[in-house]
J.: 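There's a structure below that I have some questions on.
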2 protein chains.
Amino acid sequence: MEDINKDLNLSVIKAFKLLDVYLNNKQEWGVRELAKKTGYNKTTTYRLLSTLESLDVVQKNDNDKYILGLKLFELGNLVSIHKSLRNYSRIPLENIAKEIKETVHLGVLRNDQVLYLNKAESPLGLKVSTQIGSYQEAYCTALGKVLLAFSSANQISNYLKNVKLKALTSNTITNSEDLLIELEQVKKKEYALDMEELELGLICIAIPVFNKNKEVIASISVSGPSSRFKSENIASYLSIIKKGAFEIEGHLSDYN
Amino acid sequence: MEDINKDLNLSVIKAFKLLDVYLNNKQEWGVRELAKKTGYNKTTTYRLLSTLESLDVVQKNDNDKYILGLKLFELGNLVSIHKSLRNYSRIPLENIAKEIKETVHLGVLRNDQVLYLNKAESPLGLKVSTQIGSYQEAYCTALGKVLLAFSSANQISNYLKNVKLKALTSNTITNSEDLLIELEQVKKKEYALDMEELELGLICIAIPVFNKNKEVIASISVSGPSSRFKSENIASYLSIIKKGAFEIEGHLSDYN
DNA sequence: AAACAGCGTTTCGAATAATGAAACGTTTTT
DNA sequence: AAAAACGTTTCATTATTCGAAACGCTGTTT
């Protein structure tokens, strides 16, 4: 299709393209439906699904639709990259969430986007809720701005070259120069704010998590409704998050 | 190879058999190493790995060995079966762990084994630690005995027919009749004990989690070293675990 | 009641993609 | 300096994937 150099296993690629469809927030699919979505032949789709079903990668639900299966859950839990980061962050994130009463996230940069590795949700009814393993644009999130700010100058300029700074709200930074200045500020102050740049009414604060070599390996954020975020709280929020980050950093240096 | 009736995508099957190798607690593999382990040709293995790498399903680490990739993490987090069970159990499990100071697990029965869906670890240094998404034999664990006990008579007799009751310690139940009697006891008392039947020095207590139709959909256990488990604590442990189970049951009935 | 439209599934010859022995270029071990 | 082990590439042979058409079923429309 689009691969030029190597000869890869086309069926395997097709199988995973099928699974990729599930990333777009629909949980159950019929054969013909998936065939139409992927452009594959109905028979091919059926055979791929049957194969995946025999492997427990997908399974049929009560409506005879195909849903993702437990094999993926099993394998997903084995993914070792960032596994320690996820493990060691759980308790600190929850302590932060409990203290601040807002949703807390831990994320890393991946493919120029923020990948959410872990979270602890606010105990309150009105709260931010995200899907672990999902992605978000970096330029309009506090997490993303921290992770970008501490990237190499090369990576940053590449990012700025490739990214489309779409305005998601009236506050979104849509200008490369402005974003670069913002990133320099973030790096100097060691924290980032997202003042309703991703979504109206949504405010975030994020700080970096360092490894023992003083490289930024992740970022922690606190997100909540603008109605609850007062500017006089920011300093105390920051010190609480930093305490959590410090705990995580301690655990990580034990190992690596 | 071993499939008779349907014609499935052999390459896809091979790809996942490769990934299955990672379930046996080794995180990084070379091409020839994986080829030997699976019995596939070196070239085939290489091409499958290249394909999977192009899809982010595996990736090379610093030693040029192949490790599981973030695509699996991403897809694994989308698996919807038991997703709500995992979400709603997190806080209750942690409350139990905090109160009892022992590791708490939530598991379901799958392929005649216990699948660990979630956990909250003991705050103490000496503690039980398990891999989420991994499996354990049912007949010698408290979780497993609860889940078996509340299965249908048919399922139980099938289980007893197929399982090999290997003695893992001197306390392991290795006799089908004994196990059946034990399961009846468990069902009557609505809790199960594992008195060092899986591992010497390891004791567990487990209770069922019911859905609104009074079917058992999961089980919660508390596990710790025998040195800390006194018989006079069991009653209080049970009431604490039951409180947690009740919370989970409440959340589940909100949805279903 | 009969015809229709939708679904997942099966069939089978034609077309294609996966296969593996051998060779290659590096790196590591002897 | 030689040998062994690694990942990788090549290419003719072979096995497998492919898809149009047909099937059986269910639910809806005429």
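A note on names: the letters A, B, ... follow the listed sequences, proteins ahead of strands, and every chain is numbered from 1. For the numbers below, each heavy atom of this structure counts, side chains included, while hydrogens, waters and symmetry mates do not.
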J.: Do you see a donor-acceptor pair shorter than 3.5 Å between the side chains of B/Tyr88 and B/Glu247?
T.: no
J.: Round to a whole Å and report the spacing from CG of B/Leu10 to C1' of C/dT16.
T.: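 Checked: the CG to C1' distance equals 15 Å.
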J.: Taking all atoms of both residues into account, what is the closest heavy-atom pair of B/Leu147 and B/Ala218, and its distance?
T.: CD2-C, 3.6 Å
J.: Shortest non-hydrogen contact from B/Val146 to B/Ala192?
T.: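 In terms of heavy atoms, the two residues are closest at CG2-CB, 3.5 Å.
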J.: Roughly how far, to the nearest 0.5 Å, is the OH atom of A/Tyr22 from the OH atom of A/Tyr66?
T.: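 Rounded to the nearest 0.5 Å, the OH-OH separation comes to 9.0 Å.
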J.: Could you state the atom-to-atom distance from CD of A/Glu33 to C1' of C/dT9 in whole Å?
T.: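 Roughly 17 Å, once rounded to whole Å.
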J.: Under 4.0 Å between a Lys/Arg side-chain N and an Asp/Glu carboxylate O for B/Lys119 and B/Glu121?
T.: yes
J.: Can you give me the bend angle of the helix from C/dA1-D/dT30 to C/dT30-D/dA1? Use the axis through the first five pairs and the one through the last five, nearest 10 degrees.
T.: 30°
J.: Whole angstrom is fine here: how far is it from CG in A/Asn9 over to P in C/dA17?
T.: 11 Å
J.: Quickly work out the A/Trp29 CH2 to C/dG6 P distance and round it to whole Å.
T.: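 Distance, rounded to whole Å: 18 Å.
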J.: Using a heavy-atom cut-off of 4.0 Å across all strands, would you classify B/Lys60 as base, sugar-phosphate, or nothing?
T.: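 Sugar-phosphate contact only - B/Lys60 comes under 4.0 Å of backbone atoms but never of a base.
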J.: I need the NZ-P distance between B/Lys14 and D/dA15, as an integer number of Å.
T.: 12 Å
J.: Do you know the tightest heavy-atom contact between A/Leu117 and A/Ile132?
T.: O-CG2, 3.4 Å
J.: For the pair made of CG in A/Leu49 and P in C/dC7, what is the distance, rounded to whole Å?
T.: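 Computing the A/Leu49:CG to C/dC7:P distance gives 14 Å.
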J.: Can you find a side chain N or O atom of A/Lys36 that sits less than 4.0 Å from OP1 or OP2 on C/dG6?
T.: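 No.
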J.: Any side-chain N or O of A/Ser11 under 4.0 Å from OP1/OP2 of D/dT17?
T.: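 No, no such contact exists.
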J.: Are there over 12 heavy-atom neighbours, none belonging to B/Lys37, within less than 6.0 Å of that residue's NZ?
T.: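 Check fails, neighbour count at 12 or below.
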J.: Would you give a per-nucleotide map of nucleotides 21-30 of chain C, 5' to 3', where B means the base has a protein non-hydrogen atom under 4.0 Å away, S means only the sugar-phosphate does, and - means neither?
T.: BBB-------
J.: I need the CG-P distance between A/Leu34 and C/dT9, as an integer number of Å.
T.: 12 Å
J.: Would you mind reading off the distance between A/Asn63 atom CG and D/dG27 atom P, rounded to a whole angstrom?
T.: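 One finds 13 Å between P of D/dG27 and CG of A/Asn63, rounded.
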J.: From B/Tyr159 OH over to B/Leu183 CG, what is the distance, rounded to the nearest 0.5 angstrom?
T.: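 So the gap between those two atoms works out to 8.5 Å.
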J.: Return yes if a side-chain donor-acceptor contact under 3.5 Å exists between B/Ser152 and B/Asn154, otherwise no.
T.: no
